[in-house]
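The sequence lines fix the lettering, A, B, ..., with proteins before strands; numbering per chain opens at 1. All of these numbers come straight from a predicted model, not from anything done at the bench.
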There are 2 protein chains.
Amino acid sequence: MPNTPQSSSKKKTPVSGGPERRRELLDTAAEVFAAQGYNATTVRKIADAAGMLAGSLYYHFDSKESMLDEILSTFLDELWEGYDAVLDAGLGPRETIEALVTESFREIDRHRAAVAIYQKESRHLTDQPRFHYLTDSQRRFEKAWLGTLERGVAAGVFRADLDVRLTYRFVRDTVWVAASWYRPGGLHSPEEIARQYLSMVLDGIAVRT
Amino acid sequence: MPNTPQSSSKKKTPVSGGPERRRELLDTAAEVFAAQGYNATTVRKIADAAGMLAGSLYYHFDSKESMLDEILSTFLDELWEGYDAVLDAGLGPRETIEALVTESFREIDRHRAAVAIYQKESRHLTDQPRFHYLTDSQRRFEKAWLGTLERGVAAGVFRADLDVRLTYRFVRDTVWVAASWYRPGGLHSPEEIARQYLSMVLDGIAVRT
DNA sequence: CCCGTTCCCTAACAAGTGTTTGGTAGGTTA
DNA sequence: TAACCTACCAAACACTTGTTAGGGAACGGG
């Protein structure tokens, strides 16, 4: 948690009233954002989905943007909690990759909407200083994955003839874009999806001759 | 070309004047759409990038939506030209996959912006009847890839213990999402990227023991 | 020289946007 | 009962949005 990328959101938390309502509203907002896209989502649509009027949202939040901010930052905070646990476990390269992939699909299971939003909007948001923590997170992300891959190549458990940077991009993209089709409670559990994906990436889909 | 999914765009083509200007404007519009997202892109931004005023765009196009329509439909038309050539070539399953992947990265090279737009916006657009051809294209797409994978499993060239549908999704996503980081004229040619990706997916990144 | 065409500009429109302000029903506390 | 707080509503605000209408400069053909 020490140098975890921080959100810049100043939360206007009601002191005594349950913060559950806040979480509820953020969940529905995230759902609408993920389904329609951030810019295409009007505050009136969010209010509709929440069963209230547009202006009433401003009792709970400063702005539409701060809703997005809070959705993304709380997601990233939880994500890095899980990632750091994996990275600090002292596993070998292959086991680290396996654990990171599995953890990622678990995060998608828990934060499907937030991941979808992050995937679609992060590129435009990184310009705004308010969302600079997205860039920081991306950097840490790349360091963790790329480092593990390079460590694996050096240790002789991953093929040396692969472009590590390209491989990183492929893996990163495939994992996170899964949030666009994954539905919790569907046929496959996050762990099952991770198993299948790891099987493909590590061993390939071709039959060995 | 026979049952290629058709666009619903009625083009307001100036009869004699060069249609190159139209293509120029669509290219800049596509670039802005890809960079900022369709909804976040105002017609004034497009006009700025094209060096004219917002209203002037409406001499060339009916609406902002029809620009998007024409961008996506011309891309899909060209895409399916290439895909059909591959699918009709009578290749084996593995060679078909290889050719499809290579062709896909070539299309990304040629239509980077359109692919990025397609990837980000197609989900919301499929609701509108005007963009129904996106759904048709998705269906054909799934049929081509899934069919080839299943053919490969039946022929014993692809592993039988893989979930073919999951594999399809993984491959599809990784290929197309590459449009978000690929830059033409960069370090790797489309063919090189395809080679690297195929190497990973077919043979895996783990060293064989 | 006039006419028509091509291509763009100026200026405005109505609808929709995020946000603010003032009010109020209902519960809790004193 | 009175004062207070929470959570919402009603109505409006300033601004941006996509789009339209009318006009004009450049240019070519007759």
Student: Using whole Å, what does the distance between atom P of nucleotide C/dG27 and atom CZ of A/R21 come to?
Tutor: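 Going from CZ in A/R21 over to P in C/dG27 covers 16 Å.
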
Student: Has A/S56 got a side-chain N or O lying under 4.0 Å from the OP1 or OP2 atom of D/dA7?
Tutor: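 No, A/S56 has no side-chain N/O under 4.0 Å of OP1/OP2 on D/dA7.
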
Student: Round to the nearest Å and state the distance from B/Y58 atom OH to C/dC13 atom P.
Tutor: 18 Å

Student: Roughly how far, to the nearest 0.5 Å, is CG of A/L25 from CD of A/E20?
Tutor: 11.5 Å

Student: Salt bridge check, A/R140 against A/D84: does any charged N sit closer than 4.0 Å to a carboxylate O?
Tutor: yes

Student: Mind listing the closest non-hydrogen atom pair of A/R130 and A/S66 along with its distance?
Tutor: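 Smallest heavy-atom distance, with atoms named: NH2-CB, 3.0 Å.
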
Student: Looking at A/F141 versus A/Y83, is the centre-to-centre ring distance below 6.0 Å?
Tutor: yes

Student: Within residues 36-50 of chain B, find the residues that approach DNA chain D with a heavy atom at under 4.0 Å, and present them sorted by residue number.
Tutor: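 B/T41, B/T42, B/V43, B/R44, in order of number.
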
Student: Are A/F170 and B/V201 packed together at the side-chain level, in the sense that at least one heavy-atom pair is separated by less than 4.5 angstrom?
Tutor: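 In short, these two side chains do not touch, never coming nearer than 4.5 Å.
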
Student: Are A/R195 and A/E192 within salt-bridge range, i.e. N to O under 4.0 Å?
Tutor: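 A/E192 and A/R195: salt-bridged.
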
Student: Salt bridge between B/E24 and B/R21, side-chain N to carboxylate O under 4.0 Å?
Tutor: yes

Student: Round to the nearest Å and state the distance from A/E24 atom CD to D/dA7 atom P.
Tutor: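 After rounding, the reported distance stands at 11 Å.
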
Student: Would you tabulate the nitrogen or oxygen pairs shorter than 3.5 Å linking the protein to nucleotides 23-25 of chain D?
Tutor:
none

Student: Reckon B/H60 has a side-chain N or O less than 4.0 Å from the OP1 or OP2 of C/dT6?
Tutor: no

Student: Does OP1 or OP2 of D/dG18 have a side-chain N or O of B/S63 closer than 4.0 Å?
Tutor: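 No.
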
Student: Counting just side-chain N and O atoms, does A/Y59 come under 4.0 Å of either OP1 or OP2 of D/dC8?
Tutor: no

Student: I need the CG-C1' distance between B/L25 and C/dT6, as an integer number of Å.
Tutor: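 Interatomic distance, CG of B/L25 to C1' of C/dT6: 14 Å.
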
Student: Using whole Å, what does the distance between atom P of nucleotide C/dT19 and atom CG of A/L53 come to?
Tutor: 16 Å

Student: Without decimals, in angstroms, what is the distance between A/K64 NZ and C/dT19 C1'?
Tutor: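 Distance, rounded to whole Å: 12 Å.
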
Student: Whole-Å distance between C/dC8 P and B/M52 CE?
Tutor: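 After rounding, the gap between these two atoms is 5 Å.
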
Student: Does a sphere of radius 6.0 Å around CZ in A/R165 hold more than 12 heavy atoms from other residues, nucleotides or ligands, not counting ones at 6.0 Å or beyond?
Tutor: no

Student: Starting from P on C/dC8, measure out to CZ on B/F61 and report it in whole angstrom.
Tutor: 11 Å

Student: Any chance you could lay out the side chain to side chain contact (heavy atoms under 4.5 Å, CB included) test for B/Q119 and B/S180, step after step, and finish with the verdict?
Tutor: CA-CA 9 Å; B/Q119 234 259 322; B/S180 62; 6.0 Å; no

